[in-house]
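Take a look at the structure set out below.
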Amino acid sequence: MQSAFSKKVRAIVGAIPKGETLSYGEIARRAGSAGAARAVGRVMAANFDPAIPCHRVVRADGAPGDYNRGGAERKRAILRAEQT
DNA sequence: ATAATGACGTGAT
DNA sequence: AATCACGCCATTA
C-alpha cells in the first residue's frame, strides 16, 4: 500500500487529457504538496503504474523527463497507455 | 529514527 | 546560453 501522495499522483497523471502535458511541479501542487516535484518523480519511479502515461508528464520547461529510463519495456507501457 | 537519493524547480554564477 | 548550487518533498536503504 502506497502513501496517499502516490495515489494522488497516480490519479492526477492518469487524469491528464490526451495531448496535454503536466509538469511535475503542477502535479505535486495538485497532489497537495507544492514544490514536491522531486517527490512526484520519485513516486513514479518507485511505484510506477502502467495506467499512468508518464510520457505526458514533463518538466516545468516542457522538456521530457527521464520517463524512458526503463527502455523498451517502458515504451511498450506507453504505447499501451496511448492505445486505451 | 537518521542519512542518502532522486523521473524537479528556481536562482545565481 | 550553459553550468553550479541550494531547496523542496517523498521514498528507500
Checking the side chain of A/Asp61 only, and the main-chain atoms of A/Ala63 only, is there a donor and an acceptor separated by less than 3.5 Å?
no

Give a yes/no on whether any side-chain N or O of A/Ser3 is located under 4.0 angstrom from OP1 or OP2 of C/dT11.
yes

Going 5' to 3' through nucleotides 1-13 of chain B and flagging B where a protein heavy-atom sits under 4.0 Å of the base, S where only the sugar-phosphate is that close, and - otherwise, we get ----BBBBSS---

Distance check needed: C/dC9 P versus A/Phe5 CZ, whole Å only.
10 Å

For side chain to side chain contact (heavy atoms under 4.5 Å, CB included), just list the numbers for A/Val43 and A/Phe5, CA-CA rounded to whole Å, side-chain angles, deciding distance to a tenth of an Å, and then say yes or no.
CA-CA 8 Å; A/Val43 169; A/Phe5 194 85; 3.8 Å; yes

Does any N or O in the side chain of A/Arg56 come within less than 3.5 Å of the main-chain N or O of A/Glu20, such that one atom is a donor and the other an acceptor?
no

Verify the cluster assignment for A/Ile12 and A/Phe48: are they in a single hydrophobic cluster under the rule of side-chain heavy atoms below 4.5 Å apart?
no

Closest approach of A/Ala37 and A/Ala28, non-hydrogen atoms and distance?
N-CB, 3.7 Å

